2 protein chains.
Amino acid sequence: MQSRGMSDQNSPPEPPHGTRSAFVTERVRDMIIRGELEPGSRINERVVVEQLNISRTPLREAFKVLEREGLISIRPNVGATVVSFTMDDVEASIEVLIGLEAIGAERAAERATEAEIAEVADLHARMVAAYEASELMAYFHVNQDIHQKIVDAARNPALSRVYAGECARIRRFRFAGNSDRSRWSRAVQEHEQILDAFARRQGPLLRELLRAHHIAGWQQARRALEAGAPRAMPARGATK
Amino acid sequence: MQSRGMSDQNSPPEPPHGTRSAFVTERVRDMIIRGELEPGSRINERVVVEQLNISRTPLREAFKVLEREGLISIRPNVGATVVSFTMDDVEASIEVLIGLEAIGAERAAERATEAEIAEVADLHARMVAAYEASELMAYFHVNQDIHQKIVDAARNPALSRVYAGECARIRRFRFAGNSDRSRWSRAVQEHEQILDAFARRQGPLLRELLRAHHIAGWQQARRALEAGAPRAMPARGATK
DNA sequence: TGCCCCGAGATTGCATGCAATAAGTTCCGA
DNA sequence: TCGGAACTTATTGCATGCAATCTCGGGGCA
(Lines give C-alpha, C1' and ligand atoms only; values in the text may rest on other atoms or scores of the structure.)
Protein backbone atom coordinates (compact mmCIF):
# COMPACT_ATOMS: atom_id res chain seq x y z
CA MET A 1 0.00 0.00 0.00
CA GLN A 2 2.73 2.44 0.90
CA SER A 3 5.87 2.75 -1.15
CA ARG A 4 7.97 1.98 1.86
CA GLY A 5 10.89 1.10 -0.35
CA MET A 6 13.32 3.68 -1.60
CA SER A 7 12.41 7.07 -0.30
CA ASP A 8 14.84 9.01 1.80
CA GLN A 9 15.74 12.09 -0.14
CA ASN A 10 13.18 14.78 -0.76
CA SER A 11 10.40 13.70 1.56
CA PRO A 12 11.58 11.75 4.57
CA PRO A 13 9.08 8.93 4.89
CA GLU A 14 8.71 9.72 8.58
CA PRO A 15 8.23 6.28 10.11
CA PRO A 16 5.10 6.27 12.24
CA HIS A 17 6.10 4.24 15.24
CA GLY A 18 2.75 4.24 17.05
CA THR A 19 -0.55 5.22 15.51
CA ARG A 20 -0.59 7.71 12.69
CA SER A 21 -2.76 9.94 14.79
CA ALA A 22 -0.32 10.09 17.70
CA PHE A 23 2.56 10.58 15.32
CA VAL A 24 1.00 13.45 13.45
CA THR A 25 -0.20 15.08 16.67
CA GLU A 26 3.31 15.15 18.05
CA ARG A 27 4.72 16.25 14.73
CA VAL A 28 2.32 19.15 14.20
CA ARG A 29 2.71 20.22 17.82
CA ASP A 30 6.42 20.38 17.24
CA MET A 31 5.94 22.35 14.05
CA ILE A 32 3.94 24.90 15.99
CA ILE A 33 6.33 25.07 18.91
CA ARG A 34 9.31 25.42 16.62
CA GLY A 35 7.57 28.20 14.77
CA GLU A 36 7.50 26.34 11.46
CA LEU A 37 3.82 27.16 11.34
CA GLU A 38 3.41 30.87 11.69
CA PRO A 39 1.16 32.07 14.51
CA GLY A 40 -2.09 33.47 13.20
CA SER A 41 -1.82 31.65 9.90
CA ARG A 42 -4.20 29.00 8.74
CA ILE A 43 -3.00 25.42 8.47
CA ASN A 44 -3.75 23.85 5.14
CA GLU A 45 -4.70 20.23 5.67
CA ARG A 46 -3.55 19.16 2.23
CA VAL A 47 -0.09 20.61 2.66
CA VAL A 48 0.53 18.93 6.00
CA VAL A 49 -0.98 15.70 4.76
CA GLU A 50 1.41 15.57 1.82
CA GLN A 51 4.33 16.64 3.94
CA LEU A 52 3.80 13.88 6.50
CA ASN A 53 2.53 11.26 4.08
CA ILE A 54 -0.66 10.46 5.92
CA SER A 55 -4.32 10.91 5.17
CA ARG A 56 -6.60 13.63 6.43
CA THR A 57 -8.32 11.50 9.05
CA PRO A 58 -5.45 11.27 11.56
CA LEU A 59 -4.55 14.89 10.88
CA ARG A 60 -8.03 16.05 11.74
CA GLU A 61 -7.91 14.02 14.93
CA ALA A 62 -4.62 15.72 15.74
CA PHE A 63 -6.25 19.10 15.18
CA LYS A 64 -8.87 18.31 17.79
CA VAL A 65 -6.21 17.43 20.32
CA LEU A 66 -4.12 20.49 19.57
CA GLU A 67 -7.17 22.69 19.82
CA ARG A 68 -7.84 21.28 23.29
CA GLU A 69 -4.22 22.00 24.17
CA GLY A 70 -4.75 25.60 23.16
CA LEU A 71 -2.23 25.61 20.33
CA ILE A 72 -4.64 25.99 17.44
CA SER A 73 -8.16 27.21 16.96
CA ILE A 74 -10.65 25.49 14.70
CA ARG A 75 -13.49 27.38 13.04
CA PRO A 76 -16.12 25.12 11.51
CA ASN A 77 -16.01 25.02 7.73
CA VAL A 78 -13.00 27.31 7.75
CA GLY A 79 -10.13 25.41 9.26
CA ALA A 80 -7.39 25.44 11.83
CA THR A 81 -5.32 28.51 12.63
CA VAL A 82 -2.28 28.65 14.84
CA VAL A 83 -3.13 30.76 17.85
CA SER A 84 -0.88 33.76 18.19
CA PHE A 85 0.10 34.61 21.71
CA THR A 86 0.50 38.09 22.99
CA MET A 87 3.03 38.72 25.69
CA ASP A 88 0.12 39.06 28.10
CA ASP A 89 -1.15 35.64 27.14
CA VAL A 90 2.18 34.10 27.96
CA GLU A 91 2.38 36.03 31.18
CA ALA A 92 -1.04 34.73 32.10
CA SER A 93 0.10 31.19 31.53
CA ILE A 94 3.18 31.75 33.60
CA GLU A 95 1.05 33.06 36.39
CA VAL A 96 -0.84 29.79 36.22
CA LEU A 97 2.38 27.80 36.20
CA ILE A 98 3.57 29.65 39.26
CA GLY A 99 0.35 28.84 41.03
CA LEU A 100 0.55 25.20 40.07
CA GLU A 101 4.14 24.91 41.21
CA ALA A 102 3.18 26.59 44.46
CA ILE A 103 0.78 23.75 45.21
CA GLY A 104 3.31 21.24 43.96
CA ALA A 105 6.18 22.63 45.98
CA GLU A 106 4.51 22.31 49.33
CA ARG A 107 3.20 18.85 48.66
CA ALA A 108 6.47 17.72 47.08
CA ALA A 109 8.38 18.84 50.16
CA GLU A 110 6.12 16.65 52.25
CA ARG A 111 5.74 13.63 50.04
CA ALA A 112 8.87 13.31 47.91
CA THR A 113 10.84 10.13 48.32
CA GLU A 114 14.57 10.26 48.80
CA ALA A 115 14.89 8.68 45.38
CA GLU A 116 12.98 11.55 43.82
CA ILE A 117 15.13 14.09 45.56
CA ALA A 118 18.23 12.26 44.38
CA GLU A 119 16.83 12.25 40.86
CA VAL A 120 16.32 15.99 40.90
CA ALA A 121 19.80 16.43 42.32
CA ASP A 122 21.14 14.35 39.47
CA LEU A 123 19.24 16.40 36.91
CA HIS A 124 20.57 19.51 38.57
CA ALA A 125 24.12 18.29 38.19
CA ARG A 126 23.52 17.61 34.53
CA MET A 127 21.98 21.02 34.13
CA VAL A 128 25.04 22.67 35.63
CA ALA A 129 27.21 20.63 33.32
CA ALA A 130 25.20 21.83 30.34
CA TYR A 131 25.53 25.37 31.62
CA GLU A 132 29.29 25.13 31.93
CA ALA A 133 29.50 23.62 28.48
CA SER A 134 27.29 26.44 27.21
CA GLU A 135 24.90 23.94 25.75
CA LEU A 136 21.82 26.09 25.84
CA MET A 137 19.42 23.59 24.38
CA ALA A 138 20.43 20.76 26.67
CA TYR A 139 20.28 23.14 29.62
CA PHE A 140 16.83 24.26 28.66
CA HIS A 141 15.45 20.75 28.48
CA VAL A 142 17.02 19.51 31.70
CA ASN A 143 15.73 22.66 33.34
CA GLN A 144 12.19 21.85 32.28
CA ASP A 145 12.62 18.29 33.50
CA ILE A 146 13.64 19.49 36.93
CA HIS A 147 10.54 21.58 37.34
CA GLN A 148 8.34 18.79 36.10
CA LYS A 149 9.99 16.29 38.44
CA ILE A 150 9.45 18.52 41.43
CA VAL A 151 5.81 18.88 40.52
CA ASP A 152 5.54 15.12 39.96
CA ALA A 153 6.96 14.56 43.42
CA ALA A 154 3.77 16.06 44.81
CA ARG A 155 2.08 12.80 43.75
CA ASN A 156 -0.89 14.61 42.33
CA PRO A 157 -1.72 13.18 38.91
CA ALA A 158 -4.08 16.00 38.04
CA LEU A 159 -1.46 18.55 38.93
CA SER A 160 1.22 16.85 36.86
CA ARG A 161 -1.07 16.61 33.87
CA VAL A 162 -2.25 20.19 33.95
CA TYR A 163 1.22 21.49 34.63
CA ALA A 164 2.77 19.55 31.78
CA GLY A 165 0.10 20.73 29.39
CA GLU A 166 0.45 24.37 30.24
CA CYS A 167 4.22 24.12 30.14
CA ALA A 168 4.17 22.72 26.63
CA ARG A 169 1.91 25.49 25.44
CA ILE A 170 4.34 28.27 26.14
CA ARG A 171 7.64 26.44 25.97
CA ARG A 172 8.91 28.34 22.99
CA PHE A 173 8.53 31.68 24.70
CA ARG A 174 10.31 30.80 27.88
CA PHE A 175 13.31 29.70 25.95
CA ALA A 176 14.21 33.29 25.25
CA GLY A 177 14.80 33.89 28.93
CA ASN A 178 18.14 32.19 28.88
CA SER A 179 19.61 34.07 25.99
CA ASP A 180 21.33 36.51 28.28
CA ARG A 181 24.49 35.18 29.87
CA SER A 182 24.23 37.00 33.18
CA ARG A 183 20.64 35.99 33.62
CA TRP A 184 21.59 32.46 32.78
CA SER A 185 24.21 32.43 35.48
CA ARG A 186 21.78 33.79 38.02
CA ALA A 187 19.22 31.22 37.02
CA VAL A 188 21.70 28.48 37.82
CA GLN A 189 22.33 30.00 41.22
CA GLU A 190 18.61 30.14 41.86
CA HIS A 191 18.33 26.51 40.94
CA GLU A 192 21.02 25.75 43.46
CA GLN A 193 18.84 27.24 46.16
CA ILE A 194 15.78 25.49 44.81
CA LEU A 195 17.47 22.12 44.97
CA ASP A 196 18.65 22.86 48.46
CA ALA A 197 15.20 23.82 49.69
CA PHE A 198 13.75 20.73 48.05
CA ALA A 199 16.33 18.44 49.59
CA ARG A 200 15.67 19.97 53.00
CA ARG A 201 11.94 19.67 52.39
CA GLN A 202 11.29 23.29 53.13
CA GLY A 203 8.00 23.67 51.32
CA PRO A 204 7.15 27.33 51.77
CA LEU A 205 10.72 28.37 51.00
CA LEU A 206 10.74 26.17 47.92
CA ARG A 207 7.48 27.72 46.81
CA GLU A 208 8.81 31.26 47.12
CA LEU A 209 12.11 30.43 45.45
CA LEU A 210 10.26 28.93 42.51
CA ARG A 211 7.97 31.92 42.27
CA ALA A 212 10.86 34.37 42.26
CA HIS A 213 12.74 32.20 39.80
CA HIS A 214 9.89 32.20 37.32
CA ILE A 215 9.19 35.87 37.64
CA ALA A 216 12.80 36.78 37.06
CA GLY A 217 13.09 34.37 34.17
CA TRP A 218 9.97 35.64 32.50
CA GLN A 219 10.95 39.27 32.89
CA GLN A 220 14.14 38.52 31.04
CA ALA A 221 12.35 36.46 28.43
CA ARG A 222 9.75 39.12 27.88
CA ARG A 223 12.39 41.77 27.45
CA ALA A 224 14.24 39.62 24.97
CA LEU A 225 11.10 38.80 23.04
CA GLU A 226 9.91 42.38 22.86
CA ALA A 227 13.31 43.51 21.71
CA GLY A 228 13.45 40.79 19.08
CA ALA A 229 9.98 41.23 17.71
CA PRO A 230 7.27 43.80 18.31
CA ARG A 231 4.61 41.14 18.34
CA ALA A 232 4.55 37.66 19.79
CA MET A 233 7.19 35.69 17.97
CA PRO A 234 8.51 32.26 18.79
CA ALA A 235 12.16 31.57 19.36
CA ARG A 236 12.91 29.27 16.46
CA GLY A 237 14.15 25.87 17.46
CA ALA A 238 13.11 26.16 21.06
CA THR A 239 12.64 22.43 21.30
CA LYS A 240 14.61 19.34 20.49
CA MET B 1 -29.70 -4.46 22.24
CA GLN B 2 -31.66 -1.52 20.90
CA SER B 3 -34.86 -2.15 19.04
CA ARG B 4 -34.68 0.38 16.28
CA GLY B 5 -38.35 -0.01 15.53
CA MET B 6 -40.68 2.02 17.68
CA SER B 7 -38.43 4.53 19.33
CA ASP B 8 -39.63 7.68 20.96
CA GLN B 9 -37.33 8.16 23.90
CA ASN B 10 -34.17 6.19 23.32
CA SER B 11 -33.26 7.65 19.96
CA PRO B 12 -34.77 11.01 19.17
CA PRO B 13 -33.44 12.35 15.87
CA GLU B 14 -31.01 14.45 17.90
CA PRO B 15 -30.67 17.56 15.76
CA PRO B 16 -26.99 18.47 15.44
CA HIS B 17 -26.97 22.23 15.65
CA GLY B 18 -23.28 22.85 14.99
CA THR B 19 -20.85 20.33 13.59
CA ARG B 20 -21.46 16.67 14.23
CA SER B 21 -18.12 16.48 15.96
CA ALA B 22 -18.92 19.19 18.48
CA PHE B 23 -22.35 17.75 19.03
CA VAL B 24 -21.11 14.25 19.73
CA THR B 25 -18.28 15.51 21.92
CA GLU B 26 -20.70 17.32 24.15
CA ARG B 27 -23.13 14.42 24.11
CA VAL B 28 -20.60 11.76 25.06
CA ARG B 29 -19.08 14.01 27.70
CA ASP B 30 -22.51 14.31 29.21
CA MET B 31 -23.02 10.58 29.07
CA ILE B 32 -19.83 10.11 31.04
CA ILE B 33 -20.57 12.83 33.56
CA ARG B 34 -24.07 11.52 34.12
CA GLY B 35 -22.72 8.05 34.65
CA GLU B 36 -24.56 6.56 31.67
CA LEU B 37 -21.22 5.14 30.62
CA GLU B 38 -19.83 3.15 33.48
CA PRO B 39 -16.35 4.08 34.69
CA GLY B 40 -13.79 1.49 33.75
CA SER B 41 -15.90 0.08 30.95
CA ARG B 42 -15.00 0.22 27.31
CA ILE B 43 -17.01 2.39 24.97
CA ASN B 44 -18.20 0.57 21.91
CA GLU B 45 -18.01 2.89 18.93
CA ARG B 46 -20.75 1.12 17.05
CA VAL B 47 -23.23 1.40 19.89
CA VAL B 48 -22.70 5.12 20.36
CA VAL B 49 -22.71 5.73 16.65
CA GLU B 50 -26.10 4.07 16.27
CA GLN B 51 -27.44 5.77 19.35
CA LEU B 52 -26.50 9.24 18.15
CA ASN B 53 -27.10 8.61 14.47
CA ILE B 54 -23.70 9.76 13.26
CA SER B 55 -20.75 8.06 11.66
CA ARG B 56 -17.59 6.92 13.33
CA THR B 57 -15.45 9.80 12.13
CA PRO B 58 -16.89 12.56 14.34
CA LEU B 59 -17.12 10.12 17.23
CA ARG B 60 -13.45 9.28 17.00
CA GLU B 61 -12.63 12.99 16.93
CA ALA B 62 -14.73 13.38 20.05
CA PHE B 63 -12.76 10.57 21.68
CA LYS B 64 -9.53 12.45 21.11
CA VAL B 65 -10.92 15.54 22.77
CA LEU B 66 -12.34 13.64 25.71
CA GLU B 67 -9.07 11.82 26.18
CA ARG B 68 -7.30 15.17 26.38
CA GLU B 69 -9.87 16.27 28.93
CA GLY B 70 -8.99 13.25 31.01
CA LEU B 71 -12.41 11.65 30.84
CA ILE B 72 -11.51 8.63 28.77
CA SER B 73 -8.38 6.72 27.94
CA ILE B 74 -7.63 5.43 24.46
CA ARG B 75 -5.45 2.41 23.92
CA PRO B 76 -4.42 1.93 20.30
CA ASN B 77 -6.17 -0.93 18.58
CA VAL B 78 -8.20 -1.57 21.69
CA GLY B 79 -10.51 1.34 22.18
CA ALA B 80 -11.71 3.97 24.57
CA THR B 81 -12.43 3.26 28.21
CA VAL B 82 -14.07 5.59 30.69
CA VAL B 83 -11.49 6.46 33.31
CA SER B 84 -12.55 5.48 36.77
CA PHE B 85 -11.63 7.93 39.47
CA THR B 86 -10.59 6.95 42.93
CA MET B 87 -11.45 9.29 45.75
CA ASP B 88 -7.80 10.26 45.84
CA ASP B 89 -7.91 11.23 42.19
CA VAL B 90 -10.81 13.54 42.83
CA GLU B 91 -9.13 14.96 45.88
CA ALA B 92 -6.04 15.64 43.77
CA SER B 93 -8.12 17.54 41.26
CA ILE B 94 -9.77 19.53 44.00
CA GLU B 95 -6.38 20.44 45.36
CA VAL B 96 -5.57 21.78 41.91
CA LEU B 97 -8.85 23.66 41.76
CA ILE B 98 -8.13 25.24 45.11
CA GLY B 99 -4.74 26.34 43.88
CA LEU B 100 -6.19 27.77 40.69
CA GLU B 101 -8.88 29.66 42.56
CA ALA B 102 -6.24 30.97 44.90
CA ILE B 103 -4.50 32.66 42.00
CA GLY B 104 -7.80 33.75 40.58
CA ALA B 105 -9.12 35.17 43.82
CA GLU B 106 -6.27 37.58 44.38
CA ARG B 107 -6.24 38.77 40.81
CA ALA B 108 -10.01 38.96 40.64
CA ALA B 109 -10.09 41.15 43.74
CA GLU B 110 -7.73 43.54 41.98
CA ARG B 111 -9.07 43.49 38.48
CA ALA B 112 -12.77 42.75 38.61
CA THR B 113 -15.06 45.38 37.18
CA GLU B 114 -18.07 46.55 39.11
CA ALA B 115 -20.19 44.88 36.47
CA GLU B 116 -18.54 41.56 37.15
CA ILE B 117 -19.08 41.92 40.85
CA ALA B 118 -22.70 42.78 40.22
CA GLU B 119 -23.03 39.74 38.01
CA VAL B 120 -21.69 37.46 40.73
CA ALA B 121 -24.01 39.11 43.23
CA ASP B 122 -26.89 38.41 40.89
CA LEU B 123 -25.88 34.79 40.50
CA HIS B 124 -25.58 34.57 44.25
CA ALA B 125 -29.12 35.80 44.67
CA ARG B 126 -30.34 33.24 42.20
CA MET B 127 -28.41 30.56 44.02
CA VAL B 128 -30.03 31.47 47.30
CA ALA B 129 -33.40 31.37 45.60
CA ALA B 130 -32.66 27.88 44.31
CA TYR B 131 -31.59 26.87 47.80
CA GLU B 132 -34.76 28.15 49.35
CA ALA B 133 -36.80 26.38 46.71
CA SER B 134 -34.76 23.24 47.39
CA GLU B 135 -33.90 23.01 43.74
CA LEU B 136 -30.70 21.10 44.13
CA MET B 137 -29.80 20.87 40.48
CA ALA B 138 -30.34 24.55 39.76
CA TYR B 139 -28.40 25.42 42.89
CA PHE B 140 -25.53 23.22 41.82
CA HIS B 141 -25.22 24.81 38.42
CA VAL B 142 -25.46 28.39 39.58
CA ASN B 143 -22.91 27.54 42.24
CA GLN B 144 -20.47 26.38 39.58
CA ASP B 145 -21.15 29.49 37.56
CA ILE B 146 -20.27 31.70 40.49
CA HIS B 147 -16.90 30.08 40.98
CA GLN B 148 -16.17 30.24 37.29
CA LYS B 149 -17.18 33.89 37.12
CA ILE B 150 -14.89 34.81 39.98
CA VAL B 151 -12.03 33.03 38.27
CA ASP B 152 -12.91 34.73 34.99
CA ALA B 153 -12.76 38.09 36.71
CA ALA B 154 -9.04 37.55 37.14
CA ARG B 155 -8.78 38.24 33.40
CA ASN B 156 -6.41 35.39 32.87
CA PRO B 157 -7.51 33.37 29.85
CA ALA B 158 -5.15 30.49 30.61
CA LEU B 159 -6.47 30.30 34.13
CA SER B 160 -10.09 30.33 33.03
CA ARG B 161 -9.46 27.61 30.49
CA VAL B 162 -7.57 25.29 32.81
CA TYR B 163 -10.00 25.88 35.65
CA ALA B 164 -13.03 25.16 33.50
CA GLY B 165 -11.47 21.98 32.18
CA GLU B 166 -10.56 20.61 35.56
CA CYS B 167 -13.94 21.56 36.95
CA ALA B 168 -15.75 19.64 34.24
CA ARG B 169 -13.66 16.57 34.87
CA ILE B 170 -14.82 16.05 38.42
CA ARG B 171 -18.17 17.76 38.33
CA ARG B 172 -20.15 14.62 39.02
CA PHE B 173 -18.30 13.90 42.24
CA ARG B 174 -18.67 17.30 43.77
CA PHE B 175 -22.38 17.14 43.33
CA ALA B 176 -22.63 14.68 46.19
CA GLY B 177 -21.42 17.32 48.61
CA ASN B 178 -24.76 19.04 48.66
CA SER B 179 -26.84 16.02 49.45
CA ASP B 180 -26.77 16.79 53.16
CA ARG B 181 -29.14 19.54 54.18
CA SER B 182 -27.07 20.99 57.02
CA ARG B 183 -23.95 21.09 54.84
CA TRP B 184 -26.00 22.72 52.12
CA SER B 185 -27.12 25.44 54.47
CA ARG B 186 -23.57 26.06 55.62
CA ALA B 187 -22.38 26.20 52.06
CA VAL B 188 -24.83 28.99 51.37
CA GLN B 189 -23.54 30.89 54.39
CA GLU B 190 -19.99 30.45 53.16
CA HIS B 191 -21.00 31.78 49.79
CA GLU B 192 -22.43 34.81 51.52
CA GLN B 193 -19.02 35.57 52.98
CA ILE B 194 -17.33 34.82 49.67
CA LEU B 195 -19.52 37.29 47.85
CA ASP B 196 -18.86 39.85 50.52
CA ALA B 197 -15.09 39.46 50.34
CA PHE B 198 -15.25 39.65 46.57
CA ALA B 199 -17.36 42.79 46.59
CA ARG B 200 -14.96 44.40 49.05
CA ARG B 201 -12.02 43.23 46.93
CA GLN B 202 -10.31 41.53 49.82
CA GLY B 203 -8.13 39.15 47.85
CA PRO B 204 -6.36 37.17 50.56
CA LEU B 205 -9.57 36.80 52.54
CA LEU B 206 -11.43 35.68 49.45
CA ARG B 207 -8.71 33.16 48.76
CA GLU B 208 -8.92 31.64 52.20
CA LEU B 209 -12.71 31.58 52.22
CA LEU B 210 -12.71 29.74 48.93
CA ARG B 211 -10.13 27.27 50.15
CA ALA B 212 -12.09 26.51 53.31
CA HIS B 213 -15.31 26.30 51.32
CA HIS B 214 -13.88 23.71 48.96
CA ILE B 215 -12.27 21.64 51.66
CA ALA B 216 -15.48 21.52 53.67
CA GLY B 217 -17.54 20.73 50.59
CA TRP B 218 -15.24 17.98 49.50
CA GLN B 219 -15.10 16.38 52.92
CA GLN B 220 -18.84 16.13 52.87
CA ALA B 221 -18.90 14.88 49.30
CA ARG B 222 -16.24 12.28 50.02
CA ARG B 223 -18.11 11.03 53.00
CA ALA B 224 -21.32 10.78 51.00
CA LEU B 225 -19.59 9.02 48.13
CA GLU B 226 -17.80 6.53 50.33
CA ALA B 227 -21.01 5.78 52.16
CA GLY B 228 -22.88 5.31 48.91
CA ALA B 229 -20.29 3.19 47.17
CA PRO B 230 -17.06 1.61 48.36
CA ARG B 231 -15.31 2.55 45.14
CA ALA B 232 -15.48 5.63 42.95
CA MET B 233 -19.02 5.92 41.76
CA PRO B 234 -20.66 8.83 40.03
CA ALA B 235 -23.73 10.52 41.34
CA ARG B 236 -26.21 9.73 38.64
CA GLY B 237 -27.73 12.75 37.01
CA ALA B 238 -25.17 15.17 38.37
CA THR B 239 -25.62 17.53 35.47
CA LYS B 240 -28.45 19.34 33.72
C1' DT C 1 -7.23 -30.96 34.71
C1' DG C 2 -4.81 -27.05 33.30
C1' DC C 3 -2.17 -24.43 29.82
C1' DC C 4 -1.21 -22.75 25.41
C1' DC C 5 -2.05 -22.04 20.68
C1' DC C 6 -4.99 -20.63 17.04
C1' DG C 7 -8.84 -19.32 14.12
C1' DA C 8 -13.37 -16.94 13.55
C1' DG C 9 -15.60 -12.88 14.64
C1' DA C 10 -15.53 -8.33 16.24
C1' DT C 11 -13.37 -3.86 16.48
C1' DT C 12 -10.21 -0.36 15.47
C1' DG C 13 -7.10 2.75 12.33
C1' DC C 14 -6.86 4.76 8.22
C1' DA C 15 -7.68 6.17 3.29
C1' DT C 16 -10.77 7.86 0.16
C1' DG C 17 -15.06 9.76 -2.03
C1' DC C 18 -18.80 12.90 -1.95
C1' DA C 19 -21.65 16.69 -0.54
C1' DA C 20 -21.64 21.26 1.71
C1' DT C 21 -19.53 25.45 2.66
C1' DA C 22 -16.15 29.12 2.28
C1' DA C 23 -12.67 31.57 -0.49
C1' DG C 24 -11.20 33.55 -4.58
C1' DT C 25 -12.20 35.40 -9.36
C1' DT C 26 -14.45 37.42 -13.06
C1' DC C 27 -17.61 40.24 -15.08
C1' DC C 28 -21.07 43.78 -15.21
C1' DG C 29 -23.12 48.18 -14.08
C1' DA C 30 -22.69 52.66 -12.06
C1' DT D 1 -12.23 53.04 -11.84
C1' DC D 2 -14.66 50.93 -8.24
C1' DG D 3 -18.26 48.07 -5.88
C1' DG D 4 -20.83 44.07 -5.90
C1' DA D 5 -23.05 39.87 -7.53
C1' DA D 6 -22.59 35.46 -9.68
C1' DC D 7 -19.66 31.84 -10.65
C1' DT D 8 -15.52 28.81 -10.13
C1' DT D 9 -12.25 26.71 -7.38
C1' DA D 10 -10.50 25.17 -3.08
C1' DT D 11 -11.30 23.31 1.35
C1' DT D 12 -13.73 21.30 4.98
C1' DG D 13 -17.11 17.78 7.33
C1' DC D 14 -18.66 13.45 7.13
C1' DA D 15 -19.73 8.60 5.64
C1' DT D 16 -18.04 4.43 4.22
C1' DG D 17 -14.88 0.55 2.87
C1' DC D 18 -10.88 -2.13 3.72
C1' DA D 19 -6.83 -3.88 5.97
C1' DA D 20 -4.67 -4.60 10.51
C1' DT D 21 -5.23 -5.86 15.06
C1' DC D 22 -7.41 -7.49 19.07
C1' DT D 23 -10.79 -10.52 21.57
C1' DC D 24 -12.35 -14.75 22.91
C1' DG D 25 -13.82 -19.39 22.70
C1' DG D 26 -12.41 -24.22 21.38
C1' DG D 27 -9.25 -27.89 20.70
C1' DG D 28 -4.66 -30.08 21.15
C1' DC D 29 -1.04 -31.34 24.26
C1' DA D 30 1.52 -31.94 28.53
Side-chain angles (χ1 to χ4, degrees), chain A residues 1-5 7 11-29 31-32 37-38 40-68 71-83, chain B residues 1-2 4 11-29 31-32 37-38 40-68 71-84:
Chain A
M1 52 187 278
Q2 299 272 30
S3 67
R4 301 289 306 116
S7 58
S11 66
E14 300 287 4
H17 24 284
T19 66
R20 304 268 205 288
S21 181
F23 163 71
V24 68
T25 301
E26 189 179 349
R27 195 69 191 71
V28 173
R29 187 193 293 121
M31 291 168 75
I32 295 171
L37 294 171
E38 198 177 357
S41 69
R42 274 188 32 200
I43 306 177
N44 189 311
E45 287 186 4
R46 193 177 46 77
V47 171
V48 180
V49 155
E50 288 173 1
Q51 198 171 337
L52 300 185
N53 243 37
I54 39 89
S55 81
R56 289 176 53 219
T57 307
L59 176 62
R60 304 194 83 255
E61 292 179 357
F63 278 177
K64 295 292 182 183
V65 173
L66 296 172
E67 181 184 39
R68 215 67 188 74
L71 288 173
I72 68 176
S73 152
I74 302 178
R75 277 181 307 170
N77 293 319
V78 175
T81 66
V82 184
V83 303
Chain B
M1 61 181 291
Q2 299 271 28
R4 289 292 294 109
S11 69
E14 297 285 4
H17 24 288
T19 66
R20 305 268 207 285
S21 182
F23 161 73
V24 69
T25 302
E26 190 178 349
R27 196 67 192 71
V28 174
R29 187 193 292 122
M31 290 168 76
I32 295 172
L37 294 171
E38 196 178 356
S41 68
R42 276 188 33 199
I43 306 177
N44 189 310
E45 288 186 4
R46 191 176 47 77
V47 171
V48 180
V49 155
E50 289 174 2
Q51 199 170 338
L52 301 184
N53 244 38
I54 39 89
S55 81
R56 289 175 53 217
T57 306
L59 176 61
R60 305 194 83 255
E61 293 178 357
F63 278 177
K64 295 293 181 182
V65 173
L66 296 173
E67 181 184 39
R68 216 66 195 54
L71 288 174
I72 68 176
S73 153
I74 301 178
R75 276 182 306 172
N77 292 319
V78 175
T81 66
V82 183
V83 302
S84 63

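It should be emphasised that the depicted structure is a prediction, and the values quoted were computed from it without experimental measurement. Just so it is clear: chains get the letters A, B, ... in the order the sequence lines come, proteins before strands, and each one is counted from 1. Below, each value reflects all heavy atoms present in this structure, side chains not excepted, and no hydrogens, waters or symmetry copies.
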Side chain to side chain contact (heavy atoms under 4.5 Å, CB included) evaluation trace for B:Arg29 with B:Leu66: CA-CA 7 Å; B:Arg29 187 193 292 122; B:Leu66 296 173; 3.7 Å; yes
Do A:Met31 and A:Arg27 pass the side chain to side chain contact (heavy atoms under 4.5 Å, CB included) test, and can you show the C-alpha distance, the side-chain angles, and the key distance before you say yes or no? CA-CA 6 Å; A:Met31 291 168 75; A:Arg27 195 69 191 71; 3.3 Å; yes
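For B:Val78, whose side chain is taken as the heavy atoms from C-beta onward, the closest listed nucleotide among D:dC14, C:dC14, D:dT23 is D:dT23. The nucleotide whose nearest atom lies closest to any side-chain atom of B:Ser55 is, among C:dA22, C:dA15, D:dC14, D:dC14. Nearest to the side chain of B:Arg56, among D:dA15, C:dT12, C:dA15, sits C:dT12. The side chain of A:Arg20 approaches C:dC14 more closely than any other nucleotide in the set C:dC14, D:dT21, C:dA22. Listed nucleotides D:dC22, D:dA15, C:dT12 differ in distance to B:Ile54; the shortest reach to its side chain belongs to D:dA15. In this structure, the nucleotide among D:dC22, C:dA23, D:dC14 sitting nearest to the side chain of A:Arg42 is C:dA23.
As judged by a 4.0 angstrom heavy-atom cut-off over every strand, A:Arg46 is placed among residues touching the sugar-phosphate backbone only. Note on A:Leu59: nothing from the nucleic acid sits closer than 4.0 angstrom, heavy atoms only.
In this model, the phosphate group of D:dC14 is not approached by any side-chain N or O of B:Thr57 to a distance below 4.0 Å at OP1 or OP2. Not one side-chain nitrogen or oxygen of A:Asn77 sits closer than 4.0 Å to the OP1 or OP2 atom of C:dA20.
Judged by closest nucleotide on DNA chain C, B:Glu45 is the one of B:Glu45 and A:Pro58 placed further toward the 5' end.
Pairs of Watson-Crick or G-U wobble type, with distances under 3.5 Å, assemble into runs of 3 or more in DNA chain D at these ranges: C:1-30 with D:1-30.
Checked against side-chain contact (heavy atoms from CB on, under 4.5 Å), A:Glu67 has the following partners two or more places apart in sequence or in another chain: A:Ile72, A:Ile74.
Rounded to an integer number of Å, the gap from B:Lys64 NZ to C:dC14 P is 7 Å. Rounded to whole Å, atom P of D:dA15 lies 14 Å from atom CD of A:Glu61. The CD1-P distance, from B:Ile74 to D:dC22, rounds to 16 Å in whole Å. One can place CZ of B:Phe63 at 13 Å from P of C:dT11, the figure rounded to the nearest angstrom. Rounded to an integer number of Å, the gap from CG of B:Asn44 to P of D:dT23 is 13 Å.
Two residues are said to be in side-chain contact when any heavy atoms from C-beta on lie closer than 4.5 Å; A:Thr81 and A:Ile43 fail this criterion.
Atom CZ of residue A:Arg42 and atom OG of residue A:Ser73 lie 11.5 Å apart, to the nearest 0.5 angstrom. Rounded to the nearest 0.5 angstrom, B:Arg56 CZ and B:Phe63 CZ are separated by 10.0 Å. In this structure, A:Arg75 CZ and B:Thr19 OG1 are separated by 14.5 Å, a value rounded to the nearest 0.5 Å.
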